[in-house]
Novice: 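Let me give you the structure first, and then I'll get to my questions.
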Amino acid sequence: MAEKGVRIIVNFFVRVVVGIALVFFVNEFMSLQGVPVQVGINPITVLTSGILGVPGVALLYGISFYGIL
């Protein structure tokens, strides 16, 4: 039972690290391309990337792109 809890927590933190790194590098790439879309790194984006993973990061960028339409 304890192993399952540890696995869930480790999985969450791995998703957080990957998600925030992805946000950072995509923000840098977008700024180099001149696209005015950036996702901030804050508690909401950390939780979104931790819970949903890479699709959550894509969702955050989708919301940002929708905002500039």
Novice: Let me check something: any side-chain donor-acceptor pairs from residues 19-27 under 3.5 Å, sequence neighbours excluded? List them with distances.
Specialist:
from: N27; atom 1: OD1; to: V39; atom 2: N; distance (Å): 3.1
from: N27; atom 1: OD1; to: Y61; atom 2: OH; distance (Å): 2.7
from: N27; atom 1: ND2; to: V23; atom 2: O; distance (Å): 3.4
from: N27; atom 1: ND2; to: V39; atom 2: O; distance (Å): 2.7

Novice: Roughly how far, to the nearest 0.5 Å, is CD of Q33 from CD of E28?
Specialist: 12.0 Å
Novice: Ignoring hydrogens and geometry, is there a side-chain-to-backbone donor-acceptor pair from T45 to G40 under 3.5 Å?
Specialist: yes
Novice: With the 4.5 Å side-chain cut-off for hydrophobic clustering, are I9 and V14 part of the same group?
Specialist: yes
Novice: How many angstroms lie between OG in S49 and CD1 in I41, if you round to the nearest 0.5 Å?
Specialist: 9.0 Å
Novice: Looking at side-chain heavy atoms only, is the closest gap between F29 and V35 below 4.5 Å?
Specialist: no
Novice: Between G56 and T48, which heavy-atom pair has the shortest distance, and what is it?
Specialist: O-CG2, 3.8 Å
Novice: My understanding is that only residues two or more places apart in sequence, or in another chain, count here; which of them pass side chain to side chain contact (heavy atoms under 4.5 Å, CB included) with L59?
Specialist: L52, I63
Novice: State whether the side chain of R15 and the backbone N or O of V54 hold a donor-acceptor pair below 3.5 Å, judged by distance alone.
Specialist: no
Novice: Does L60 share a hydrophobic cluster with F65, counting links as ILVMFWY side-chain heavy atoms below 4.5 Å and allowing steps through other members?
Specialist: yes
Novice: Consider only side-chain heavy atoms of I, L, V, M, F, W and Y, link residues closer than 4.5 Å, and tell whether V10 and V16 are in one cluster.
Specialist: yes
Novice: Does a side-chain heavy-atom distance below 4.5 Å link S31 with Q38?
Specialist: yes
Novice: Do V37 and Y66 share a hydrophobic cluster (ILVMFWY, side-chain heavy atoms under 4.5 Å, transitive)?
Specialist: no
Novice: According to a hydrophobic-cluster definition based on side-chain heavy atoms being under 4.5 Å apart (Ile, Leu, Val, Met, Phe, Trp, Tyr only), do I68 and M30 belong together?
Specialist: yes
